Amino acid sequence: MFVHVVADSPAKLAGLRAALEREYEVTSELLGAASIRLSECYALVVKVDLRFVENIAALKGTLGSLGHVRKRIFLLDQTIHLYIAQAYALGATLVLSGPVNQKKLLSALADRVGTSAPSPADTNDEIGAASVGATAVASMFAAVTKGAPIDVKGVKDAGEKIADHIAEKGLSDWLATVRRHHEGTYQHCLLVTGVAVDFGLSLGLARRDLERLFSAAMFHDLGKATIPLAILDKPGRLDARERAIIETHPDLGYDALKDNENISSEVLDAVRHHHEYLDGSGYPDGLCAESITDVVRILTISDIFSALIEVRPYKRPMPREEAYDILCGMQGKLEKPLVASFRQVALNR
Ligand SMILES: [Fe+2]
Ligand SMILES: [Fe+2]
């Protein structure tokens, strides 16, 4: 299997070749220079400094003819939302940022949730819906980081595409595809959107309510855009200071969206209150049951479940049965009949 490598310096190319050549046949290309490409290429690995506009322009040209490659892994030196968003906008299916050693790169190239062969679930169509979703999530994170306007319509359109996809193909394929190709907060937002949509479909929600739900899911963790990735993606337990920083994200998301005329009050409420619990023990406002809307109740269940089943580089994903048992054990915090209805989404769909 061939892996095609693109980098912006001969030293980076040499480093990547050395890391990959034990496992793969490698073709390589210096950004802006002519190269030989093989059409049956299994994956593309890009290591280019995205701080420079001329690199981005050159990369767009290079990637134009490589869009069919199933895995498109971007390696970034900087762990900054803006460049991660840029990488997704350029067509990355996975972005690895910060120091990436050989082991991490090889495991990213191998299948992350199963065998090394492409699974039947892994069709271009699915990667397409997931990539559109990841690009929309990444773009809104970048907009918040830069203080630029958020493309609300673009995010809703991506949510719509995900909803159509789930309605047609079901939840399990979506979970496998997203967990295979995306990581961190982007993976989380896409999982929550898929789970919430499927939960909404199983409850027989009207299209308007479903739209509210998938919009709320797409936007719900927007406030994480300004939380350092070192905290968001920390492998171990968070300390009290880090937890306090994380817990600012519903408020930050609310602030980023509250003056946007294209965001409905229900979606805004969900962004602010998706960590509230019926018994008043949640944050940021310590709301009690009567103040927590149905959209928020559905979103909160989808959010917790998705966080539990996420694939992280440092842990195996929790089986769906186990994650559902944890929801059932959250006595008094979640609406019991809704958790019971969620059973078939969690286990069977
Ligand atoms: Fe959250
Ligand atoms: Fe979340």
Side-chain angles (χ1 to χ4, degrees), residues 81 84 130 133-134 136-138 140-141 144-145 150 155 158-159 162 171 174-175 178-179 182-200 212-234 237-238 242-258 263 266-278 281-287 292-293 295-312 315 317-318 320 323-324 326-327 330 333-334 338-339 342 345-346:
H81 288 303
I84 295 173
V137 171
M140 75 177 165
F141 271 56
V144 171
T145 313
I150 297 163
V155 175
I162 294 170
L171 182 62
W174 176 255
L175 297 183
V178 170
R179 291 193 292 183
H182 298 281
E183 63 171 26
T185 305
Y186 304 97
Q187 179 194 138
H188 172 72
C189 291
L190 297 177
L191 290 179
V192 175
T193 303
V195 170
V197 161
D198 200 51
F199 194 8
R212 236 174 247 148
L213 186 57
F214 69 63
S215 296
M218 288 290 283
F219 287 112
H220 83 285
D221 272 340
L222 178 62
K224 288 182 177 170
T226 48
I227 309 265
L229 288 172
I231 297 180
L232 289 179
D233 294 336
K234 185 179 172 183
R237 276 185 90 81
L238 299 176
E242 292 163 338
R243 183 137 293 286
I245 292 172
I246 285 264
E247 291 189 0
T248 60
H249 80 270
D251 213 12
L252 292 172
Y254 176 85
D255 278 346
L257 291 169
K258 70 177 189 305
I263 292 282
E266 294 97 336
V267 170
L268 199 54
D269 177 68
V271 169
R272 186 174 177 91
H273 293 132
H274 66 277
H275 287 284
E276 302 286 0
Y277 292 133
L278 302 187
S281 63
Y283 62 90
D285 296 322
L287 296 185
I292 301 176
T293 65
V295 170
V296 174
R297 292 173 192 216
I298 295 170
L299 179 61
T300 301
I301 291 171
S302 308
D303 185 32
I304 298 169
F305 181 75
S306 301
L308 291 170
I309 64 164
E310 264 169 44
V311 173
R312 294 290 207 157
K315 73 169 180 81
M318 184 182 282
R320 289 165 70 169
Y324 182 67
I326 288 179
L327 286 179
M330 294 178 68
K333 297 186 186 299
L334 307 172
L338 262 188
V339 174
F342 187 66
V345 177

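Position 1 is the first residue of the sequence; numbering continues from there. Values in this document were obtained by computation on a predicted structure and should not be read as measured data. Just so you know, ligand 1 is whichever comes first in the structure, and atom 1 is the first atom listed for that ligand.
Residues satisfying the side-chain contact (heavy atoms from CB on, under 4.5 Å) test with Ala307, not counting sequence neighbours, are His188, Glu310. Looking at residues two or more places apart in sequence or on another chain, you find a side-chain contact (heavy atoms from CB on, under 4.5 Å) between Glu242 and Ile231, Lys234, Leu238, Asp239. Evaluation of the side-chain contact (heavy atoms from CB on, under 4.5 Å) rule for Asp285 yields Arg272, His273, Glu276, Leu287 as partners, not counting sequence neighbours.
Side-chain N or O atoms of Thr248 include one that pairs as donor or acceptor with a backbone N or O of Ile245 at under 3.5 Å. Side-chain atoms of Arg297 come within 3.5 Å of backbone N or O of Ile292 as a donor-acceptor pair.
Ring pair Phe342/Phe305 is perpendicular by interplanar angle, where above 60° counts as perpendicular and below 30° as parallel.
Residue contacts to the Fe ion (ligand 2): Cys189 brings no N, O or S atom closer than 2.8 Å.
Protein contacts to the Fe ion (ligand 1) involving N, O or S atoms at a distance below 2.8 Å are Asp221 OD1, His249 NE2, His274 NE2, His275 NE2.
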